[in-house]
Amino acid sequence: MLSFLRTVGIFFAILFLLQASLTAAEPDARKIMEFSNARFQGKNRSAGMEMTLIDKFNTEKTYSILSFQNDIGTTLFKAMFFTAPLNVRGTAFLIYDYSGPVREDVQWLHLPALHKTSRIESTDQGNSFMGSDFSVYDMSRKNLDNYDFQIIDQSKVNEHEVWLVKSIPRSSKIMEQDGYEKSVFYIRKDNYVIIRAVHWVNGTQDLKYYSVKKLELLNNIWVPLELHMTLKRDRKKLHKTIFKIFDVKFDQEFDKDFFSKEQLEKKSALICAK
Amino acid sequence: MKKLNNSISRAFQNLASLIYKNPYISIIIVTIFSILLIAPVYRISLDASTVSILHSSDPALKTYNEFRERFGTDNFIIVAVESPDIFSLDFIKKFRALHRELRNNVPYLEDVTSLSNIRYIKGYINNHIISEAFLVGFAKNGVQSEMLKIKLRNKILSNPLIRNIYVSEDGRFATILMRTKLHKRQYSEKEILNDFHDNVIEDKDDTKYYLDYDDKNKTASAVRAILEKYEADDFKTHVTGTDMIAIYMKDAMTRDIKVFVILCLAIICSVLYYMFRRVTGVLLPVVIIILTLLSTLGIMVYAGKPIKNTSQIIPSFLLAVCVCDSVHILALFYHKLNQCKDKAKAITYAVGHSGFPVVLTSVTTAAGLLSFTTAQLSSIVDVGVFASIGIMLGLFYSLMLLPALIAVLPIKPAVEKYSAASSSMNKLLKRIANISIHHPKTILFISFLVIGISVYFAFTVRFSHDILGWFPKKNPIRIATELIDEKLRGTVNLEIIIDTKKPNGILNPDLLNRMETAARDMEALEVDGIFGGKAISITVLIKELNRGIHDNNPDFYTIPQDENAIAQEVLIFENIAKKYISCFTDSTYSMARFTIKVPFKESVQYIGFLKSVEKYFDTHFSEAKISVTGVVPLLVTTSERVVKSVKKSYTIAFIVITMLMILLIGDLRMGLLSMIPNLFPIIFAVGIMGLFNISIDASTMMAGSIAIGLAVDDTIHFMHVFQQYYKESGSPSQAIYHTLQTTGRAIFITSTVLSLGFFVFVFSTMNNMAYFGVITGIMIIMALLADYFVFPSLMMLLNPDISSSKE
């Protein structure tokens with residue numbers, strides 16, 4: 001009897017240790033977000049982009065964009081040039097997305113028809129990104145110290161294992177800046193790419209659904225090639241944006257001052273002249 | 001004809017006899033039937049929205065709903081705060097606190113906007129553009145210098161998006177606009193996380209999550225409670241808006257319906273007791289009319305119809321009208337019972353003799369009401385459908401239940417006493433008969449003279465739909481609306497949609513220039529006392545942005561004259577103020593919204609203004625499709641529907657009832673003649689409306705058709721008895737004497753009940769219902785007088801005295 005009890009005891013002890021070691025193997029929510037946020041997006045990248053805006057009546061509006069970006073770790077530089085439709089051809093955005101809390105992101109907009117380049121002061125990140133349903137916050141790196149994270153579930157999306165990580169801003173000021181009361185991110189376990197997200201829009205009943213419809217490994221970098229963002233209220237679509245990315249090239253030769261206001265204007269003039 | 005009458009009479013006698021012999025079967029059948037109908041009555045709802053009286057399929061309402069679907073609702077709760085200096089530090093602090101408290105503590109709000117959170121586009125040196133709140137920089141380190149105050153005042157009052165919307169021109173009023181949610185459903189996190197698809201989930205239970213009256217009332221109460229806390233001599237608050245108007249109207253309806261029903265029942269009980277002097281004489285009719293009322297309300301619930309502003313007359317109307325069936329049957333029953341001392345014989349006799357006329361009068365009343373089913377206003381159609389169903393239910397309960405209840409209740413014969421009142425009534429009726437018999441031509445001359453004068457005044461009657469005028473003058477909502485109308489140049493909107501039908505169509509400089517001119521022209525337009533208080537469109541945003549891009553240089557507060565420049569500028573808007581631009585245009589820039597704010601007036605007053613606006617936009621934007629919608633066109637449409645519905649329903653009621661009268665009397669000439677005393681009261685009452693400047697609206701328009709349906713009831717009874725006596729005696733004067741002494745008494749009682757039943761509406765909170773009650777009451781009294789004087793005079797002149805040949 002005693003030996004039986006001892007065997008049972010040892011069995012449960014092993015089971016407990018096994019479970020504890022398994023738990024320890026799972027990274028915590030903050031770590032998952034850190035991996036995801038720090039994921040390398042490629043140096044000197046260029047791509048073509050198609051932005052389709054769809055309203056609740058399913059009326060579509062499509063823009064063609066040339067996109068350039070460079071990730072130097074502390075800053076992610078982005079330059080985007082509208083090539084179609086004709087009336088916005090040459091309109092260009094220049095974005096400096098700084099990591100960390102020290103500096104605020106900078107956004108310039110060049111309007112070729114007025115020969116003007118204006119710096120758009122963005123008091124809140126909840127502002128739209130190029131008129132889409134994506135906000136500046138959605139497209140920029142997150143300062144993780146501003147949020148509390150929690151794994152709320154694990155699931156599978158299209159056969160891929162994912163963590164469901166809930167993110168809650170630590171103050172109402174951050175909530176107002178980002179434009180979201182909370183978010184749930186679906187992060188792939190194998191590559192830390194956020195393939196889905198739900199955002200609760202601050203001060204409204206609106207929800208934003210983000211999903212990556214196409215994800216490919218290019219030059220050893222996971223690149224989302226089709227992104228959807230749907231704004232919903234009472235489970236009904238209010239508006240939707242689809243980004244389709246193609247011709248992705250890495251390690252392009254950019255001039256030293258490629259991501260400057262002056263180069264933005266020059267490049268815009270070239271696009272307009274074509 | 002006589003044979004037919006006899007066989008109908010026998011059929012009613014047999015029915016009464018059968019029920020009398022098997023009273024419990026009849027009581028059980030009626031009980032089961034009524035329980036089934038009454039069961040859902042606790043779910044009856046009230047709808048006081050200003051658009052609820054139009055059909056949901058009405059093109060005007062459809063256009064309005066499409067507009068709201070695209071640009072959001074234009075209905076707000078408006079709080080206006082009055083202060084001698086709204087730019088002072090103390091006021092701004094308190095105003096911001098009020099905004100915050102309303103935002104945080106009022107339930108079911110979609111958004112709250114005021115000076116506190118409205119932003120504008122500002123350009124800085126070095127080409128910086130920022131979307132900044134208006135109140136930024138109103139003080140420095142908690143101190144406001146006179147210079148800062150003047151700067152703030154100029155900044156705010158010079159902005160067309162703010163002036164006369166969020167602040168008054170004189171700088172004494174600041175407003176807070178609150179938009180309520182449509183839906184209150186809270187989805188669980190699990191439901192939300194499973195919603196990664198674009199398909200709309202059709203949820204059958206969805207409608208139960210729409211905000212109901214209780215929810216809206218919670219919102220209104222919370223707003224009032226918060227405002228009360230902030231109220232001070234230098235911080236006077238006023239609240240209005242379509243939601244508040246609807247809540248007030250619904251409160252009024254709830255209170256009024258109770259008052260009408262209680263008063264109506266009190267009147268009915270008093271008259272019944274005065275007439276019969278018996279407990280059963282009061283109890284039996286009251287049981288029947290209450291069953292009728294509850295069953296009708298139950299059917300309304302089954303049909304999914306709420307009680308609306310005009311259909312609130314249904315309860316008291318049914319009580320007053322349906323009691324007449326019981327009165328006719330019971331009057332004969334008690335009279336016969338006292339004579340023969342046998343309940344069975346008495347009820348069989350009573351139903352046999354009065355059953356057919358009661359059916360006929362119910363049919364004519366229902367026919368009058370059914371004429372409303374052709375109306376273009378849904379609440380009027382509801383009155384037509386459900387009041388006529390109620391009339392027929394009342395008839396059914398009277399015929400099925402009265403003999404059964406009489407059989408089971410202990411009712412003893414009594415000795416008929418002729419009171420002093422009864423004798424004076426006889427004298428009065430005799431005197432009336434004498435006048436009619438001896439002065440028929442004079443009576444007819446006076447009557448036609450009165451009709452002639454009435455016709456003159458009837459032509460001065462106006463059609464209207466004056467929602468604000470329905471409220472008492474001292475009502476706080478009316479006072480607030482009139483004040484905001486005066487100080488902020490209007491409270492309701494006229495929305496013009498300029499649809500170019502092509503993407504980026506509105507980004508054309510020429511079109512935008514014309515919209516700029518249109519805004520100036522509309523603000524200068526004044527027709528029939530209606531003025532364009534404010535006209536705004538996307539041009540205001542484009543000009544503001546253009547100035548911002550050019551370092552806030554006021555010279556650039558203009559529309560750029562390059563189509564590409566405009567398209568590129570709006571991209572900035574899409575980045576920093578997307579929600580503002582979506583209020584003025586669609587996502588492809590193919591259509592533009594042009595809003596004109598006007599004062600809240602009675603709808604007919606808007607017609608000239610609306611026509612001018614439509615003509616202006618059709619002429620100046622001929623390349624685009626122009627749609628005009630908003631609260632103002634809806635009010636105008638409602639009044640137009642009133643005019644059409646009045647013409648249609650009055651004509652139908654008159655034709656159907658005339659045909660019924662010809663059919664019932666069995667004589668074309670007499671049938672047509674019998675309609676003269678029934679038209680008389682309607683023309684007279686419309687003349688009275690003209691004389692006292694009471695307009696025909698969705699409520700008062702019902703008076704005519706209802707009154708004609710009720711008035712012919714008396715004539716049917718009158719004609720029925722007159723013909724009998726005339727055939728017997730051959731003397732029209734003898735027949736008139738007898739008719740007045742018998743039927744004349746009964747119709748006096750029923751007319752008294754009916755007119756008092758309508759006069760109770762004078763206790764209504766809303767003026768329109770009070771007018772409806774008074775007008776219908778006058779029509780019924782005039783119908784009685786016409787039956788007493790005009791009808792006998794006509795009979796005297798048209799029927800020769802053949803009594804000598806009969807002898």
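Note that this is a predicted model, so its numbers are computed, not measured.
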* Toward chain A, the part of B:Arg70 with a non-hydrogen atom under 4.5 Å -> both
* Report the residue from B:Asp586, B:Asp499, B:Ile538 that forms a side chain to side chain contact (heavy atoms under 4.5 Å, CB included) with B:Ile506. => B:Ile538
* Asked: By number, which residues in residues 560-572 of chain B have some heavy atom less than 4.5 Å away from chain A?
  -> B:Asp562, B:Asn564, B:Ala565, B:Ala567, B:Gln568, B:Glu569, B:Leu571, B:Ile572
* Asked: Do the ring centers of B:Phe134 and B:Tyr166 come within less than 6.0 Å of each other?
  -> no
* Contact class of A:Ala92 relative to chain B, heavy atoms under 4.5 angstrom -> neither
* Structure fact -> Honestly, the part of B:Asn504 sitting under 4.5 Å from a heavy atom of chain A is side chain
* To do: Could you tell me which portion of A:Phe82 (side chain, backbone, both or neither) has an atom closer than 4.5 angstrom to a non-hydrogen atom of chain B?
  => side chain
* Asked: Which bit of A:Leu207 comes within less than 4.5 Å of chain B, counting heavy atoms only: side chain, backbone, both or neither?
  -> side chain
* Asked: What is the ring orientation for A:Phe77 with A:Phe259, classed by angle as parallel under 30°, tilted 30 to 60°, or perpendicular over 60°?
  -> parallel
* Using non-hydrogen atoms only, which part of B:Leu193 is less than 4.5 Å away from chain A: side chain, backbone, both, or neither? -> both
* Residue A:Val184 versus chain B: region with a heavy atom under 4.5 Å -> side chain
* Asked: Does any heavy atom of chain B fall under 4.5 Å from the side chain of A:Arg233, the backbone, both, or neither of them?
  -> side chain
* Using non-hydrogen atoms and a 4.5 Å limit, figure out which bit of A:His110 sits close to chain B: side chain, backbone, both or neither. => neither
* Asked: Counting only N and O atoms by type, is there a donor-acceptor contact under 3.5 Å from the side chain of A:Thr230 to the main-chain atoms of A:Lys240?
  -> no
* **Greater than 12 external heavy atoms within 6.0 Å of A:Asn158's CG** => no
